[in-house]
Amino acid sequence: MADPIQLERRGLLYVLSSPSGAGKSTIARMLLAGDDEISLSVSATTRPIREGEVDGQHYHFVDNDAFDRLVADEAFLEWAHVFDRRYGTLKAEVNKSLDSGRDVLLDIDWQGTQQLKQVDPDIVRVFVLPPSMAELERRLRGRGTDSDDVIAGRMERAAAEISHWAEYDYVLINDDADRCAGRARAILQAERLRRNRRTGLVDFVRGLTG
Ligand code: 5GP
């Protein structure tokens, strides 16, 4: 078979939001695996590092002063308070991927998504819902790390996050991780084919028709 025709295209910003516990990280991991045309934007956060996390890989873990400086330096595309901590998308992270011709996956909450939409109306917004609130609670408890109070707080925040589902372009129900990741991939592939992002099409068609 002949080599595929590769046309130049603009990188896209693919936003994945969900309440904590809906399986978003698994979907993100599956989306990134086996696709070298998309990379994760590693956010900065003031929350403490959790066991198993790696600084610079899961987040850039910074203290309050460092976060303040990043805000003052206008280093963020967006930032927000989540669970009483601050989280922000670094312009440098996003530009690094776009400049190397890759799409960017952003795991951010509804507040960040709203801000980003103002900066770049062309973003792709995907919301992941749990199959039920009972299942969400089961998954949150399954982590085994949080007290009842913390779980109750997370359930409340989950309901608040879910209330923003209609602000998204696509909504997935995560009743099965493989199926959900497959759909997330299908969205990515379709969005990559959008005419307005395929800057190489004009020349290609000119070459076709003379
Ligand atoms: P966690 O602390 O469990 O890793 O993340 C808590 C929440 O913060 C998640 O819903 C995640 O999507 C959100 N979050 C992570 N990074 C960012 C960011 O850079 N900006 C915004 N607005 N939210 C973020």
Side-chain angles (χ1 to χ4, degrees), residues 13-32 39-64 66-71 73-98 104-120 123-130 133 136-137 139-147 149-165 167-168 170-172 174 180 184:
L13 302 188
Y14 188 104
V15 173
L16 210 51
S17 297
S18 82
S20 142
K24 177 182 49 175
S25 315
T26 309
I27 305 301
R29 212 175 317 119
M30 291 167 95
L31 201 58
L32 292 164
S39 54
L40 182 71
S41 160
V42 179
S43 296
T45 183
T46 58
R47 89 144 157 75
I49 190 164
R50 289 186 194 134
E51 205 181 312
E53 287 183 328
V54 180
D55 189 19
Q57 187 181 320
H58 294 91
Y59 284 104
H60 299 287
F61 294 95
V62 298
D63 61 19
N64 269 314
F67 201 97
D68 284 343
R69 272 197 301 279
L70 289 166
V71 172
D73 291 347
E74 298 183 7
F76 289 119
L77 265 181
E78 63 75 28
W79 69 270
H81 288 273
V82 186
F83 305 130
D84 302 327
R85 304 286 183 177
R86 288 183 291 172
Y87 294 79
T89 302
L90 294 159
K91 289 177 186 169
E93 279 284 325
V94 170
N95 289 339
K96 187 175 66 185
S97 294
L98 292 180
V104 189
L105 179 63
L106 301 112
D107 171 344
I108 61 177
D109 80 330
W110 65 271
Q111 305 172 84
T113 308
Q114 281 190 354
Q115 292 178 49
L116 211 57
K117 181 75 180 172
Q118 300 288 323
V119 181
D120 181 358
I123 63 171
V124 179
R125 299 164 299 181
V126 182
F127 198 90
V128 181
L129 288 169
M133 292 313 266
L136 184 75
E137 185 165 347
R139 289 180 193 170
L140 286 176
R141 286 192 186 281
R143 290 177 178 175
T145 50
D146 298 320
S147 65
D149 275 0
V150 172
I151 298 284
R154 288 200 167 237
M155 287 301 291
E156 220 167 89
R157 285 177 195 274
E161 181 83 23
I162 288 173
S163 73
H164 291 274
W165 69 275
E167 295 163 21
Y168 286 72
Y170 299 92
V171 179
L172 302 173
N174 189 13
C180 191

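Numbering starts at 1 and runs along the sequence shown. When a ligand or atom number is given, it counts from 1 through the structure's own listing order.
- Counting only non-hydrogen atoms, the option in Val15, Leu16, Val82 that gets closest to atom 8 (O) of ligand 1 is Val82.
- Nearest heavy-atom pair, Val42 versus Gln57, reported as atom, atom and distance to 0.1 Å: CG2-O, 3.5 Å.
- Between Glu53 and ligand 1, a contact under 3.5 Å exists for no N or O pair.
- In this structure, Gly88 counts as a contact residue of ligand 1, since one of its heavy atoms falls inside 4.0 Å of the ligand.
- At least one heavy atom of Arg47 lies less than 4.0 angstrom from ligand 1.
- Using a distance-only test at 3.5 Å, with no hydrogens or angles considered, a donor-acceptor pair links the side chain of Asn174 to the main chain of Ala22.
- A salt bridge does not link Arg157 with Glu161: none of the charged nitrogens is closer than 4.0 Å to a carboxylate oxygen.
- Near Thr89, meaning under 4.0 Å from one of its heavy atoms, ligand 1 places the atoms 19 (O).
- A search for salt bridge (Lys or Arg N to Asp or Glu O under 4.0 Å) contacts involving Glu78 returns nothing, not counting sequence neighbours.
- With 3.5 Å as the limit, one finds no donor-acceptor pair spanning the side chains of Thr89 and Ser41.
- Compare Ser43, Pro19, Ser25 by their heavy atoms: the one nearest to atom 19 (O) of ligand 1 is in Ser43.
- For Trp79, the closest heavy-atom approach to ligand 1 does not fall below 4.0 Å.
- Residues passing the salt bridge (Lys or Arg N to Asp or Glu O under 4.0 Å) test with Glu53 are Arg47, sequence neighbours excluded.
- Each of the following atoms of ligand 1 lies closer than 4.0 Å to a heavy atom of Gly112: 22 (N).
- Atoms of ligand 1 lying under 4.0 Å from any heavy atom of Lys24, numbered from 1 in the order shown and given with element: 9 (C), 10 (O), 11 (C), 12 (O).
- Looking at Leu116, Asp107, Thr113, Val42, it is Asp107 that brings a heavy atom closest to atom 14 (N) of ligand 1.
- Inclusion of Gln111 in the set of residues having an N or O under 3.5 Å from an N or O of ligand 1 is not warranted.
- Distances from atom 17 (C) of ligand 1 to the heavy atoms of Tyr87, Trp110, Phe76 put Tyr87 nearest.
- Counting atoms of ligand 1 from 1 in the listed order, those under 4.0 Å from a heavy atom of Arg50 are 1 (P), 2 (O), 3 (O).
- Under the 4.5 Å side-chain criterion, counting only non-hydrogen atoms from C-beta, Val82 is in contact with Gln111.
- To the nearest 0.5 angstrom, Ser17 atom OG is 11.0 Å from Trp110 atom CH2.
- Under 4.0 Å is where a charged nitrogen must lie from a carboxylate oxygen, and between Asp68 and Arg86 at least one such pair does.
- For Glu78, every heavy-atom contact with ligand 1 shorter than 4.0 Å involves the side chain, none the backbone.
- Below 30°, between 30° and 60°, or above 60°: for Trp79 and Phe67 the angle between ring planes is above 60°, a perpendicular geometry.
- Of all atoms in ligand 1, listed by their number and element, those nearer than 4.0 Å to a heavy atom of Ala80 are 22 (N).
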